[in-house]
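Report on the structure given below.
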Amino acid sequence: MNIEHCKIIELPKINDPRGNLTFIEANRHIPFDIKRVYYLYDVPGGAKRGGHAHKELHQFIIAMSGSFDVLLDDGKDKKRVHLNRSYYGLYVCPMIWRELDNFSSGSVCMVLASHEYDEADYFRDYAKFMRARWKA
Ligand code: TYD
């Protein structure tokens with residue numbers, strides 16, 4: 001899987017004068033079962049998150065509030081994606097190095113994940129990630 005498999009997915013949006021509503025159904029709007037949800041918040045200005053890849057994990061990243069950038073890198077190509085709406089998100093397939101930066105103040109980044117947390121699923125070393133990438 002490479003960077004072309006990572007894409008912005010637009011979610012259903014029920015417009016309502018009382019406030020809009022968006023929903024996500026696993027395997028319908030996003031291509032995996034959701035086993036875990038986590039979120040980043042209170043991110044100080046200038047901070048960077050991520051800086052790793054996952055061996056098997058699929059993720060869907062949404063800017064629930066505010067905005068930030070996701071830098072994707074499959075070892076060959078790189079792509080910077082700006083997220084700033086809660087009715088779309090970025091699907092990230094396995095074996096993609098990602099970094100998150102440019103967080104606006106008060107932003108909240110929610111991540112839906114296909115598996116429970118498992119440190120063994122991480123590549124935290126870019127050189128090791130690249131070796132595994134070129135072997136595949
Ligand atoms: P990490 O995945 O490196 O954060 P990010 O990619 O957002 O920069 O995780 C940071 C720390 O939090 C690390 O010690 C592992 C822990 N953690 C969990 O315990 N459970 C989780 O679901 C996640 C995502 C992280």
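Counting from 1, the numbers follow the sequence of the chain as shown. These numbers come from the heavy atoms of this one structure, side chains and all, not from hydrogens, waters or symmetry mates. Each ligand, and each atom within it, is numbered from 1 in the order the structure gives.
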Those residues with a heavy-atom separation under 4.0 Å from ligand 1 are R36, Y38, L40, R49, G50, H52, Y117, Y122, R124

TODO: Could you tell me if the ring centre of H82 sits under 6.0 Å from that of F68?
DONE: no

The side chain to side chain donor-acceptor pair (under 3.5 Å) partners of D16 (sequence neighbours excluded) come to R18

- Query: Are R80 and D101 close enough for a salt bridge, meaning some N to O gap below 4.0 Å?
  - Reply: yes

Contacts of S65 meeting side chain to side chain contact (heavy atoms under 4.5 Å, CB included) (sequence neighbours excluded), chain-then-number -> V108

Across all chains, not counting sequence neighbours, the side chain to side chain donor-acceptor pair (under 3.5 Å) partners of E99 are W97

Worked verdict on D69 versus N102 for side chain to side chain donor-acceptor pair (under 3.5 Å) | CA-CA 6 Å; D69 289 354; N102 261 331; 2.7 Å; yes

